[in-house]
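A short write-up of the structure that comes next.
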Amino acid sequence: QVQLEESGGGLVQAGDSLRLSCAVSGLFFSSYAVGWFRQAPGKEQEFVAALTWIGGRKNYGHSVKGRFFLSRDNAENTVYLEMNSLRPEDTAVYYCVADRRGRGTNQAHEYDYWGQGTQVTVSS
């Protein structure tokens, strides 16, 4: 059974940093991609970032490029999203996602597995 367990969300002030974690279990092949989407109230899902396990290629959404950074811990099967210079518009529920085909694109329908989400709130 595939599980994606997010942690690290919370309430911060504009300009602060926050790190989200996604622990992945149940995926027995090393070819998958792991990423993040977010959704704010009343808005559509938005691609944040993705990382391919093979090759370590990283893909970032336009609104977070240069502020958010992905990293991984192979031994722990965990992906981290370091979020810097946070803005009120970054407020959303952040979902960890996994694509067993390893593509790591910005297309939500290509991700087979989704976590429960973690709330990030940025106050002005």
Side-chain angles (χ1 to χ4, degrees):
Q1 183 180 355
V2 177
Q3 287 189 322
L4 306 175
E5 186 173 351
E6 304 109 331
S7 61
L11 172 63
V12 296
Q13 293 186 331
D16 286 351
S17 298
L18 200 61
R19 189 177 78 163
L20 303 183
S21 302
C22 176
V24 181
S25 61
L27 283 171
F28 298 105
F29 302 100
S30 59
S31 61
Y32 59 89
V34 177
W36 297 86
F37 280 79
R38 68 186 183 185
Q39 188 162 23
K43 296 188 176 180
E44 294 185 353
Q45 276 180 346
E46 179 185 8
F47 171 74
V48 177
L51 169 68
T52 59
W53 218 256
I54 294 179
R57 179 174 57 85
K58 299 174 184 177
N59 186 17
Y60 293 98
H62 178 74
S63 62
V64 305
K65 196 171 293 185
R67 299 189 298 125
F68 290 13
F69 300 95
L70 284 168
S71 62
R72 69 189 191 195
D73 183 329
N74 292 340
E76 297 295 327
N77 244 21
T78 299
V79 171
Y80 301 99
L81 181 68
E82 183 73 32
M83 305 185 295
N84 302 311
S85 301
L86 283 163
R87 305 166 181 169
E89 52 264 40
D90 294 318
T91 295
V93 177
Y94 284 69
Y95 297 93
C96 181
V97 297
D99 168 17
R100 59 188 175 183
R101 298 164 190 81
R103 291 164 291 188
T105 73
N106 62 358
Q107 300 298 304
H109 69 270
E110 293 185 351
Y111 289 88
D112 307 283
Y113 308 104
W114 292 68
Q116 293 298 308
T118 184
Q119 177 71 46
V120 173
T121 303
V122 184
S123 63
S124 57

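Count residues from 1 along the sequence. Keep in mind that the numbers below use all heavy atoms, side chains included, and drop hydrogens, waters and symmetry copies. Owing to the predicted nature of the structure, the values given are computational and were not obtained by experimental measurement.
Side chains of Arg67 and Ser17: a donor-acceptor N/O pair is absent below 3.5 angstrom, by distance only. No side-chain N or O of Asn59 forms a donor-acceptor pair with one of Arg57 less than 3.5 Å apart. Side chains of Gln13 and Ser123: a donor-acceptor N/O pair is absent below 3.5 angstrom, by distance only. Side chain to side chain, Glu6 and Ser21 fail the donor-acceptor criterion of an N or O pair below 3.5 Å. With no hydrogens or angles considered, a side-chain donor-acceptor pair links Tyr94 and Arg38 at under 3.5 Å.
Remark: Arg19 pairs with no residue by the salt bridge (Lys or Arg N to Asp or Glu O under 4.0 Å) rule, at least two apart or across chains.
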*side-chain contact (heavy atoms from CB on, under 4.5 Å) between Tyr32 and Asp99: does it pass, once the steps are laid out?*
CA-CA 5 Å; Tyr32 59 89; Asp99 168 17; 5.9 Å; no
*Starting from the C-alpha separation in whole Å, work towards a yes-or-no answer on side-chain contact (heavy atoms from CB on, under 4.5 Å) for Tyr113 and Arg100.*
CA-CA 8 Å; Tyr113 308 104; Arg100 59 188 175 183; 3.7 Å; yes
*asked:* Does Asp112 form a side-chain contact (heavy atoms from CB on, under 4.5 Å) with Arg101? I'd like the steps, not just the answer.
replied: CA-CA 9 Å; Asp112 307 283; Arg101 298 164 190 81; 3.0 Å; yes
*Please report the C-alpha distance between Phe68 and Asp90 in whole Å, then the side-chain angles of each, then the deciding distance to 0.1 Å, and finally whether the side-chain contact (heavy atoms from CB on, under 4.5 Å) criterion is met.*
CA-CA 11 Å; Phe68 290 13; Asp90 294 318; 4.0 Å; yes
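In this structure, the separation between OH on Tyr60 and CG on Leu51 is 8.0 Å, given to the nearest 0.5 Å. Here OG of Ser63 is found 8.5 Å from CD of Glu89. Values are rounded to the nearest 0.5 Å. Within the model, atoms CH2 of Trp36 and CD of Glu46 stand 14.5 Å from one another, a figure rounded to the nearest 0.5 Å. With values rounded to the nearest 0.5 angstrom, Asn106 atom CG is found 12.0 Å from Gln45 atom CD. Rounded to the nearest 0.5 Å, atoms CG (Leu20) and OH (Tyr80) are 12.0 Å apart. Atom SG of Cys22 and atom CG of Leu81 lie 10.0 Å apart (nearest 0.5 Å).
In this structure the side chain of His109 reaches within 4.5 angstrom of the side chain of Gln107, judged on heavy atoms. Leu18 is listed as a side-chain neighbour of Leu86, based on a closest heavy-atom distance under 4.5 Å.
Taking every heavy atom of both residues into account, Leu70 and Ala49 meet most closely at CD1-CB, 3.6 Å. Counting all heavy atoms, side chain and backbone alike, Ala40 lies closest to Ala92 at N-CB, 3.8 Å. Across all non-hydrogen atoms, the minimal contact from Tyr111 to Trp114 is O-NE1, 3.3 Å. Minimum interatomic distance between Pro88 and Ala14 (heavy atoms only, all atoms of both residues): CD-CB, 4.1 Å. Considering all non-hydrogen atoms of both residues, Thr105 and Phe47 come closest at O-CE1, 3.3 Å. Gln119 and Thr91 make their closest contact through NE2-CG2, 4.0 Å (heavy atoms, listed as atom of the first residue, atom of the second, distance).
Put simply, Val64 and Val34 are part of the same group of oily side chains (I, L, V, M, F, W, Y) that touch within less than 4.5 Å, one to the next. By the criterion of side-chain heavy atoms lying less than 4.5 angstrom apart, applied directly or through intervening Ile, Leu, Val, Met, Phe, Trp or Tyr residues, Met83 is grouped together with Val79 in one hydrophobic cluster. Hydrophobic clustering (side-chain heavy atoms under 4.5 Å, transitive across Ile, Leu, Val, Met, Phe, Trp, Tyr) keeps Val93 apart from Val120.
Looking at Arg103, its side chain does come within 3.5 Å of a backbone N or O of Glu110 through a donor-acceptor pair.
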